[in-house]
Amino acid sequence: MALLQQLAPDPQILKRRDRIIRQLKRLVGRTAVISDEYGRRAFETDALTTYKCMPLAVVLPETTEEVSDILTYCNEHDIRVVARGAGTSVTGGALPQEDAIVLCVSRMNKVIETDYDSRTIRVQSGITNTAITNAVAKEGFFYAPDPSSQIACTLAGNIAMNSGGAHCLKYGVTTNNLLGVRMVLMSGEIIDIGGNYLDAPGYDFLGLLTGSEGQVGVITEATVRILKAAEGARPMLIGFSTVEDAGACVASIIASGILPVAIEFMDKPAIEVCEAHAHAGYPLDVEALLIIEVEGSGSEIEELQEKLKNIAKSHDPTVIKVSTDDEMSAAIWLGRKGAFGAMGRISDFYCMDGVIPVSRLSDVLTRVIEICKTYELRVANIFHAGDGNLHPLILFDANDPDEVDRAEQCGAEILKLCVEAGGCLTGEHGVGIEKRELMPVQFSDTDLAQQMRVKTLFDPKWLLNPGKVFPLDKWHLK
Amino acid sequence: MLSMIRPADEQELSDAIKDALNEQAPLEILGAGSKREIGRPMNTSASVTTSRLRGISLYEPNELVMTAGAGTPLSTVENELAQHNQQLAFEPIDPAPAIGQEAGQLTCGGVFATNLSGSRRIQLGAARDHLLGIKGVNGRGEIFKSGGRVMKNVTGYDLSRGLSGSWGTLAVFTELSFKVMPKAEETRTLIFFGMPDKIATEVMTRAMQTPYEVSGTLHLQKPLALRLRHDGLRNMGEALTAIRLENFSGAVAGRAEKLKEAFAAYGDVHELDHDNSIEFWGELRELSFLQGSKDPLWRISTAPTDGPRFTEVLSSFMDCRTAYDWAGGLIWVEVPSTTDAGAAEIRRLLASLGGHATLIRAEPAVRATINVFHPLEPGLEKLSTLLKKQYDPHGLLNPGRLYATM
């Protein structure tokens, strides 16, 4: 197995396990600490299930003050802490350490205050992404970032990973929608950054901490922007007989000045699996499919769809199908958003998240398929085409150590290809443990040192979510 | 005259900073220098300008991305974008003419280093939201990069955004990659005259609560409306409230009608057509309504609902002239010239309402004695000091410009 090495646990901490658990129970109460093996088992992995590790203990605080007490204690006693939302990270972002406690924010899931006039909502960070939208939907508002795991994933995790989603082409990702946070530093100190207004004063700490993968602090509350939902939205499907045509069509749409809410791409293997799952009427005789969604009033949508059809027609589409009712729209999105789950039912898969310049779509895809062939692995491609964020799903058998090994190598090669094409290793999933050792492909030691210094200023002992993001052999740069 | 260093590439910039490091000689960091009079006055022994780091090295209209040297004039960038009917969606403002400097000198690096965004910020985000990647040199003389040129990127920490808005105090940008956006097919503006602040804010808020993608909301009190360059609007001689719609022509027409219906109870609604709208929002980018006065000028960000409350209370202390952007959340206020330019009152008010205030225009003596940028809470101040120490441990880059101790 070529699984990445985890940080070696500190034997002194393991020895003190019972005492640590007793102290945690004193701080937050018995029911907020999980220490038995059965209970801890639920937290031993996240959505990157090839990695597992039993944590020392799990704590489920209910207030910012409790988080502060826990971190103060852990900092004083050099105990590592892995913060966790819902554990939906596909990169091992919330993978525990044997000598670390898992601090799970899921019990802090309340709405604190909604202000429709200023168009903001203040929530506790353990609230799920969908619950934010649900809280404001009655007034016709929504929270824009929409990762596929939105029913389960927490805002805390979204902030840690700077999550995106299918609709971020138009509305931006988490960092573009976050206005303020209450955060507990590893020292236990509670700080407020930003608020219910635009552009926080001083240095852009909101920018720095969004996407810092739980390594600079534990966010307990946040204020995010809410937006008035469009009058309506309709997806359309456009099928092509070649991947090149689909890629060229995406470029033409963007060049035309139309900015759809989403442009999603699927190749044939992905279409087949998703159609079997959602029965959305995806065409099965095409090599590539685009799902394009536009928003507005009925007549606005029709005007945009006409324009899109005309653009598509110059790229030899084999089928153009416009959603005619809400049921069909829902099925089309069910297929796309349920893609990973549907894929999971037929095979284990390893989901890549590289980003490339949109103009390189077709040649990179061709190379991805070639690379997978050399590793004798099947691949299905699903991705956010409008912004070049690829999600090749490498299919493998997790019970076959050789296949696991090949899948990891294959994935690494695909990500290197993305960087060579002018892109990056990860567009929305984060580095986690999964891509940690690939960071030098994209960054020099000097580049990495700049990032590590940010980590150091927040958490001088490097106790928060250790062993993620930065290659272990680069720690001397901090 | 202080010496001016003009590095031709990132290596020369790095050498200049390393020399300064050896001599412990702090540097003033400049693009074109049009915002030199904003911030605390500094004591530096030399100035470094990015003016020779210019040129567009990459522009892919089909990918909505551009890469340019930090010293590239913004006008060059915007002219190139216009050739492809594209633009910078965050509509950067040019504060220079409001502080007695010449308009149109902005550089690309300066825009992102100060994160000064215009009216469209409320819909499409700030300058920092459009930044994709940077190259730069920190106060140790190290050349580094962050981010890249693709639309989505969470590889490692987001230093690009972290450094934007740091006013050249942490690192000097040498090259920037940023997102560009298509220009709308049509722009139309609904205008109301003579509204008091409270009613105007209500109208702007209601406009933002529609699904019509309002991309600009502005309210000028009468004395500021009288400074507009647009003859027709100035000659009305009244306070002015503007709501902007941008989209495909069909959508704009339909939405304008719906908004007019919705706002019928607020009195006559006037309309600016496309060309007049472009002219009007163009002059707003140069803050035409704040030009020609020497009175201290504050830029305040607060919750939109708190905007009129802030002004109402402040007006009971002092005679001020106010403009609201961002549906009431961004307040520009001119106050009488006093020793602290009203800092104490303004900040006391914001302490209870929430938000922050930056002194954009004031005599150097005033800027030297008060906090030009909003004072930070102790916890945040400590973190800021640590960040400065990590990137510029010897305090060489724009020392004291943001805060006296940094």
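Convention: sequence-line order gives letters A, B, ...; per-chain numbering from 1.
Each of A/E139, A/Q215, A/M161 has some count of heavy-atom pairs under 4.5 Å with chain B, and the biggest count is that of A/Q215. Here A/D447 is the residue among A/D447, A/V454, A/I191 with the most heavy-atom pairs under 4.5 Å with chain B. Note on B/T358, B/D158, B/I143: by heavy-atom pairs under 4.5 Å with chain A, the leading option is B/D158. By number of non-hydrogen pairs under 4.5 angstrom with chain A, the leading residue of B/V150, B/T210, B/N138 is B/V150. With chain A as partner, the option from B/G165, B/A357, B/P378, B/G250 having the largest number of non-hydrogen pairs under 4.5 angstrom is B/G250. Highest contact tally toward chain A, considering only B/N247, B/D306, B/T201, B/T169, is held by B/T169 [criterion: heavy-atom pairs under 4.5 Å]. Listed options A/K170, A/E303, A/Q442 were ranked by heavy-atom pairs under 4.5 angstrom with chain B; first place goes to A/Q442. The choice from A/G202, A/G423, A/S359 that makes the most heavy-atom pairs within less than 4.5 Å of chain B is A/S359. Between chain B and the residues A/K307, A/H384, A/E213, the most heavy-atom pairs under 4.5 angstrom are made by A/K307. Taking A/G194, A/G207, A/G164 one by one and counting their heavy-atom pairs under 4.5 Å with chain B, the maximum is reached by A/G207. The greatest number of non-hydrogen atom pairs below 4.5 Å with chain A, out of B/P61, B/G125, B/G156, B/G354, is found for B/G156. The candidate with the highest count of non-hydrogen atom pairs below 4.5 Å against chain A, out of B/E381, B/R161, B/H356, is B/H356.
When the shell of 6.0 Å around CD of B/E377 is examined, it contains 12 or fewer heavy atoms from other residues, nucleotides or ligands. When the shell of 6.0 Å around NZ of A/K416 is examined, it contains 12 or fewer heavy atoms from other residues, nucleotides or ligands. The number of heavy atoms from other shown groups lying within 6.0 Å of NZ (A/K478) is above 12.
Atoms CH2 and CG, from B/W167 and B/L402 in turn, are 8.0 Å apart once rounded to the nearest 0.5 Å. Distance CZ/A/F458 to OG/A/S212: 7.5 Å, rounded to 0.5 Å. Separation of atoms OG (B/S164) and CG (B/N115) is listed at 5.0 Å; rounding is to 0.5 Å. Of the inter-residue distances, the one linking A/R182 atom CZ with A/S68 atom OG reads 11.0 Å to the nearest 0.5 angstrom. In this structure, the separation between OG on A/S118 and CG on A/N196 is 6.0 Å, given to the nearest 0.5 Å. Taking CZ of B/R40 as the reference point, atom CG of B/N371 lies at 7.5 Å (rounded to 0.5 Å).
No hydrogens or angles considered: nothing links the side chains of A/T91 and A/E434 as a donor-acceptor pair under 3.5 Å. Inspection of the A/D353 and A/N389 side chains reveals an N or O donor paired with an N or O acceptor under 3.5 Å.
Neither the backbone nor the side chain of A/M452 comes within contact range of chain B; no heavy atom of the residue lies under 4.5 Å from a heavy atom of that chain. Interface residue B/F248: only side-chain heavy atoms are found under 4.5 Å from chain A. In this structure, the portion of A/T210 lying under 4.5 Å from any heavy atom of chain B is its backbone and not its side chain. With a 4.5 angstrom heavy-atom cutoff, A/D115 touches chain B only via side-chain atoms. Both the backbone and the side chain of B/L387 come within contact range of chain A, judged by heavy atoms closer than 4.5 Å. Contacts of A/D117 with chain B are made by both backbone and side-chain atoms, with heavy-atom separations under 4.5 Å. The contact between A/A200 and chain B is made entirely by backbone atoms, counting heavy-atom distances below 4.5 Å. Interface remark: B/N153 contributes backbone and side-chain atoms alike to the contact with chain A (heavy atom separation under 4.5 Å). Within the 4.5 angstrom heavy-atom criterion, atoms from both the backbone and the side chain of B/I122 approach chain A. Interface residue B/L383: backbone and side-chain heavy atoms are both found under 4.5 Å from chain A. Contact of A/F470 with chain B is made through the side chain alone, with heavy-atom distances under 4.5 Å. With a 4.5 Å cut-off on non-hydrogen atoms, B/A126 touches chain A through its side chain but not through its backbone. Looking at A/L304, only its side chain comes within 4.5 Å of chain B, counting heavy atoms on both sides. Heavy-atom distances place the side chain of A/E300, and not its backbone, under 4.5 Å from chain B. The parts of A/L425 that come within reach of chain B are both its backbone and its side chain, each placing non-hydrogen atoms under 4.5 angstrom from that chain. Proximity to chain A (any heavy atom under 4.5 Å) is shown, for B/Q209, by both the backbone and the side chain. When heavy atoms are compared at a cutoff of 4.5 Å, B/K382 approaches chain A solely by way of its side chain, counted from C-beta outward. With a threshold of 4.5 angstrom between heavy atoms, B/M406 approaches chain A through side-chain atoms but not through N, CA, C or O. Both the backbone and the side chain of A/R453 come within contact range of chain B, each with at least one heavy atom under 4.5 Å from a heavy atom of that chain. Neither the backbone nor the side chain of B/R206 comes within less than 4.5 Å of any heavy atom in chain A. The parts of A/Q451 that come within reach of chain B are both its backbone and its side chain, each placing non-hydrogen atoms under 4.5 angstrom from that chain. Looking at B/A303, the atoms closer than 4.5 Å to chain A (heavy atoms on both sides) sit in the backbone and in the side chain alike. Contacts of B/E185 with chain A are made by side-chain atoms alone, with heavy-atom separations under 4.5 Å and no backbone atom involved. In this structure, chain B has heavy atoms under 4.5 Å from both the backbone and the side chain of A/K455. Only the side chain of B/K258 comes within contact range of chain A, judged by heavy atoms closer than 4.5 Å. Contact annotation for A/Q450: both backbone and side-chain heavy atoms come within less than 4.5 Å of a heavy atom of chain B. Contact of A/I258 with chain B is made through backbone and side chain together, with heavy-atom distances under 4.5 Å.
The aromatic rings of A/F141 and A/Y116 sit tilted, their planes meeting at an angle between 30° and 60°.
A salt bridge links B/R255 to B/E213: one of the charged nitrogens lies within less than 4.0 Å of a carboxylate oxygen. Under a 4.0 Å N-O distance rule, the pair B/E60/B/R149 does not qualify as a salt bridge.
Of all heavy-atom pairs between B/S384 and B/L376, the closest is OG-CD1, 3.3 Å. Contact between A/P471 and A/L448 at its shortest, heavy atoms only, is CD-CD1, 4.4 Å.
Only one option out of A/P145, A/P147, A/C168, A/S89 pairs with A/S163 in a side chain to side chain contact (heavy atoms under 4.5 Å, CB included); it is A/P147.
Here salt bridge (charged side-chain N to carboxylate O under 4.0 Å, His left out) pairs that include residues 171-181 of chain A, with residues two or more places apart or in two chains, number zero.
The main-chain N or O of B/G355 is never found under 3.5 Å from a side-chain atom of B/T302 such that the two would form a donor-acceptor pair.
Of residues 127-136 of chain B, those residues with a non-hydrogen atom less than 4.5 Å from any non-hydrogen atom of chain A are, in numerical order, B/R128, B/D129.
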